[in-house]
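The structure appears below as structure tokens.
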2 protein chains.
Amino acid sequence: MPAPRTPAGSARDRILHTAFRLFYAHGPRGVGVDTVIAESGVAKATLYKHFPRKDDLVLAYLDRVDQTWFGALRAAARDAGDEPRDQLVGMFDALVGACRRDGYHGCAFINTAAESPAGGPVHARTVEHKTVVRAWVTELARQAGAAEPELLARQLTLLLDGGLASGVLDGDPVIAEVARRSARTLVDAALR
Amino acid sequence: MPAPRTPAGSARDRILHTAFRLFYAHGPRGVGVDTVIAESGVAKATLYKHFPRKDDLVLAYLDRVDQTWFGALRAAARDAGDEPRDQLVGMFDALVGACRRDGYHGCAFINTAAESPAGGPVHARTVEHKTVVRAWVTELARQAGAAEPELLARQLTLLLDGGLASGVLDGDPVIAEVARRSARTLVDAALR
DNA sequence: GGATTTACAGACGGAGCTGTCTATAGGATC
DNA sequence: GATCCTATAGACAGCTCCGTCTGTAAATCC
């Protein structure tokens with residue numbers, strides 16, 4: 001395995017890092033391949049060697065988003081303590097944190113899916129991501145003792161999606177707080 | 001006022017109708033002006049006479065979406081009876097209906113905002129739309145006797161946004177039902 | 001030290017995009 | 001009937017985008 005010979009990591013990493021930043025800010029369709037190349041300081045041939053189609057780069061971007069966001073969700077839940085009941089509410093702190101972050105621009109998956117043809121690979125990857133997250137929430141709800149874990153999980157992920165999606169407009173952290181309070185109410189009602 | 005001389009309404013109406021259909025299906029950025037022209041059977045000069053910039057057409061599209069969606073929300077609320085408390089939940093029937101509709105593709109505002117530059121007219125129009133809807137819901141919540149009408153309105157519109165936004169992926173009507181049940185729980189909790 | 005791999009640099013074609021322009025035809029109005 | 005107004009039809013310029021291609025430099029491997 002050769003050591004990286006470029007200052008800021010391997011070419012592939014630089015491409016991905018730049019694509020992540022640009023795609024999230026302007027949407028994949030709003031960023032040309034030439035821009036990614038220019039800003040990552042990479043040759044065109046190099047980019048097309050690692051990502052033969054632009055779609056491949058978009059999918060790699062979504063994978064990175066998935067890791068980041070899902071990781072933040074689990075970390076927030078973990079930080080809420082050992083009680084699954086508290087973790088179900090605590091995961092919304094990830095939303096609070098996301099809204100506060102500079103350059104926050106909503107849900108990368110929804111934004112990307114909105115500009116991608118239905119039935120394409122981007123949609124499939126997005127559905128996959130949402131499914132994995134919901135399965136995790138469902139398991140938490142089951143551990144918490146919910147009578148209908150699937151329902152509660154759907155309710156909570158719906159809240160998450162709502163909070164994320166409306167972030168396209170204004171990263172108002174109050175929205176995340178509202179979502180958190182809603183989550184508390186729904187969890188309490190489901191576990192009463 | 002001259003009578004329409006074209007079979008399917010005035011040229012302006014045909015343009016708007018076609019743009020509505022195409023913009024909603026593929027996103028404004030995914031539809032070229034030439035396509036709108038071809039499918040609406042209109043001359044290029046005519047389109048640019050009515051809508052000097054493509055952005056003008058996009059904004060007119062959003063206005064039409066606003067009328068349609070807000071109208072559907074109010075109609076659903078009205079159909080739920082005279083009690084504001086029931087209307088707050090009943091408005092979610094508009095979401096149920098939207099999810100069932102063929103070609104459902106999520107929230108036109110969020111989808112469009114996601115691909116538009118932040119701070120631009122599209123964002124402003126979207127914020128305006130969301131503000132008007134939320135003000136209406138707030139008034140309903142006040143009439144229903146909520147202690148914190150603004151909070152309840154934010155919670156409910158957050159649910160609406162979540163249900164709409166996730167519709168980009170799958171128009172699963174179950175999501176709308178889940179949103180409706182969440183709304184019932186939140187309304188009950190707020191009015192207890 | 002030669003061969004191979006990897007990356008840089010950038011031209012290029014074909015397509016699509018927005019927006020302007022000219023030329024023309026058909027009703028409406030005076 | 002002459003004159004508008006509006007609409008059609010389509011060429012056109014200028015730009016951007018995606019993806020391919022050629023050529024070159026540097027680092028690694030045998």
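Each chain gets a letter, A, B and so on, in the order the sequences are listed, and its residues count up from 1.
Of all the heavy atoms in Ala113(A) and Thr126(A), the pair that sits closest is CB-OG1, 4.2 Å. Minimum interatomic distance between Pro117(A) and His123(A) (heavy atoms only, all atoms of both residues): O-ND1, 3.4 Å.
Atom pair Phe51(A):CZ and dT20(D):C1' shows a separation of 18 Å (rounding to whole Å applied). Look at CG on Leu47(A): it is 12 Å from P on dT20(D), rounded to the nearest Å. As a whole-Å value, the separation of Lys54(B) NZ from dC17(C) P is 8 Å. Following rounding to the nearest Å, Glu115(B) (CD) and dC17(D) (P) show an atom-to-atom distance of 15 Å. Rounded to whole Å, the distance from CZ on Phe23(A) to P on dC17(D) is 12 Å. Here the C1' atom of nucleotide dT6(D) and the CZ atom of Arg14(B) are 12 Å apart, to the nearest Å. Rounded to whole angstrom, the span from the CG atom of Asp55(A) across to the C1' atom of dC17(D) amounts to 14 Å.
Cation-pi geometry between Arg21(A) and Tyr24(A) is not met: the NZ or CZ atom fails to fall both under 6.0 Å from the ring centre and inside 45° of the normal.
Counting only heavy atoms from C-beta on, Ala43(A) has its side chain closest to dA9(C) among dT18(C), dA9(C), dA9(D).
Close to dT6(D), at under 4.0 Å from its OP1 or OP2, lies no side-chain N or O of His50(B).
Taking the six-membered ring for Trp and the full ring otherwise, Phe70(A) and Trp136(A) have centroids separated by under 6.0 Å.
Arg181(B) and Glu148(A) are joined by a salt bridge, as a carboxylate oxygen and a charged side-chain nitrogen come within less than 4.0 angstrom of each other.
Between Asp79(B) and Gln87(B), every side-chain heavy-atom pair lies at or beyond the 4.5 Å cut-off.
Residues from residues 25-42 of chain A with heavy atoms under 4.0 angstrom of DNA chain D, sorted by number: Val31(A), Gly32(A), Val33(A).
Residues satisfying the side-chain contact (heavy atoms from CB on, under 4.5 Å) test with Tyr48(A), not counting sequence neighbours, are Val33(A), Lys44(A).
Considering Asp34(B), Ile15(B), Thr18(B) as possible partners of Leu47(B), the one that fulfils the side-chain contact (heavy atoms from CB on, under 4.5 Å) test is Ile15(B).
In the model, Glu139(A) has a side-chain atom that pairs as donor or acceptor with a side-chain atom of Gln143(A) under 3.5 Å.
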Which atom pairs link the protein and nucleotides 20-24 of chain C when you take only N or O atoms and keep those under 3.5 Å?
from	atom 1	to	atom 2	distance (Å)
dT20(C)	OP1	Arg53(B)	NH2	3.4

